[in-house]
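This report concerns only the one structure given below.
None of these values were measured; they are calculated from a predicted model.
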Amino acid sequence: GTALASDSSTVFLESRKGTTRQASISLSGRGPEGEAISLQFASGAVSANPAMLGVGANADAKIPDNRKEYKVSRMHARLGYDGANFTIEDNKSLNGTKLNGKSVEPHQAVAIMNGDVILLADVELRVSVS
């Protein structure tokens, strides 16, 4: 049983290490009509419950897109935290999500870093991680 005990303590250390330092991320940009966007999330919060970004009433973080033909989907993309990095995944949005100009596949969480640029359709968000 010795091996078992050391294994479980390793797991315990790993999980503790992940929770000691809360990281936070801010996404800032402008909506299609120049609306200021400033969203902030703590790693602990989005680790447990990823935040849905979109124009919909049920989105956790509202993206202002008041155009009649809005491009940002109601439930556009999901922001999470995997224990090491914040992540973004497209939620099968109509106009897609891009990270630094590269398309993000639906339901494939990709790590986002300080200085990255996320595009929700045509709405640009600059990433700042602290």
Side-chain angles (χ1 to χ4, degrees):
T2 329
L4 245 167
S6 67
D7 284 351
S8 62
S9 65
T10 310
V11 171
F12 180 65
L13 281 172
E14 280 304 306
S15 64
R16 268 191 41 213
K17 192 176 74 194
T19 50
T20 46
R21 195 184 143 269
Q22 275 269 5
S24 71
I25 188 169
S26 67
L27 304 177
S28 55
R30 298 252 167 232
E33 287 154 23
E35 309 93 330
I37 299 171
S38 180
L39 306 171
Q40 286 206 300
F41 304 94
S43 55
V46 293
S47 167
N49 296 302
M52 185 62 78
L53 313 180
V55 295
N58 297 333
D60 301 304
K62 296 277 190 302
I63 304 297
D65 188 347
N66 303 316
R67 295 172 285 192
K68 201 157 78 76
E69 300 287 321
Y70 56 86
K71 302 247 190 331
V72 177
S73 295
R74 286 191 292 269
M75 302 293 238
H76 194 101
R78 189 178 278 115
L79 183 96
Y81 186 76
D82 65 8
N85 298 299
F86 284 96
T87 60
I88 188 97
E89 63 179 90
D90 184 70
N91 190 44
K92 288 188 122 162
S93 66
L94 188 62
N95 293 299
T97 302
K98 288 193 166 129
L99 178 63
N100 300 325
K102 196 169 171 287
S103 287
V104 173
E105 294 298 314
H107 307 302
Q108 292 286 317
V110 292
I112 43 183
M113 307 289 170
N114 194 41
D116 281 352
V117 175
I118 295 168
L119 270 178
L120 302 178
D122 58 355
V123 174
E124 185 178 292
L125 299 172
R126 300 203 157 268
V127 176
S128 170
V129 177
S130 51

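Scanning for side chain to side chain donor-acceptor pair (under 3.5 Å) contacts around Ser26 gives an empty result, with sequence neighbours left out.
Counting only distance, with no hydrogens or angles, the side chain of Ser43 and the backbone of Ala23 share a donor-acceptor pair below 3.5 Å. Side chain of Asp82 to main chain of Ala84: a donor-acceptor pair is present (N/O by atom type, distance under 3.5 Å, no hydrogens or angles). No donor-acceptor pair closer than 3.5 Å links the side chain of Asp90 to the backbone N or O of Ala77. In this structure, His76 contributes its side chain and Gly96 its backbone to a donor-acceptor pair below 3.5 Å. Checking side-chain atoms of Asp65 against main-chain N and O of Val55 turns up no donor-acceptor pair under 3.5 Å. Checking side-chain atoms of Gln22 against main-chain N and O of Gly44 turns up a donor-acceptor pair under 3.5 Å.
Val127 has its side chain within reach of Leu27: a pair of non-hydrogen atoms, C-beta onward, lies under 4.5 Å apart. For the pair Met113 and Val129, the minimum side-chain heavy-atom distance is 4.5 Å or more. Contact of the Ile25 side chain with the Gln40 side chain is not registered, since no non-hydrogen atoms from C-beta on lie closer than 4.5 Å. Contact check for Asn66 versus Glu33: side-chain heavy atoms found under the 4.5 Å cut-off.
If you chain together ILVMFWY residues whose side-chain heavy atoms come under 4.5 Å of each other, Met52 ends up grouped with Met75.
Residue pairs satisfying the salt bridge (charged side-chain N to carboxylate O under 4.0 Å, His left out) criterion with at least one member in residues 110-123, sequence neighbours excluded, are listed as follows: Arg67-Asp122.
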Evaluate the criterion side-chain hydrogen bond (donor to acceptor under 3.5 Å, both in side chains) for residue pair Ser38 and Ser28; output intermediate values, then yes/no.
CA-CA 4 Å; Ser38 180; Ser28 55; over 6 Å; no

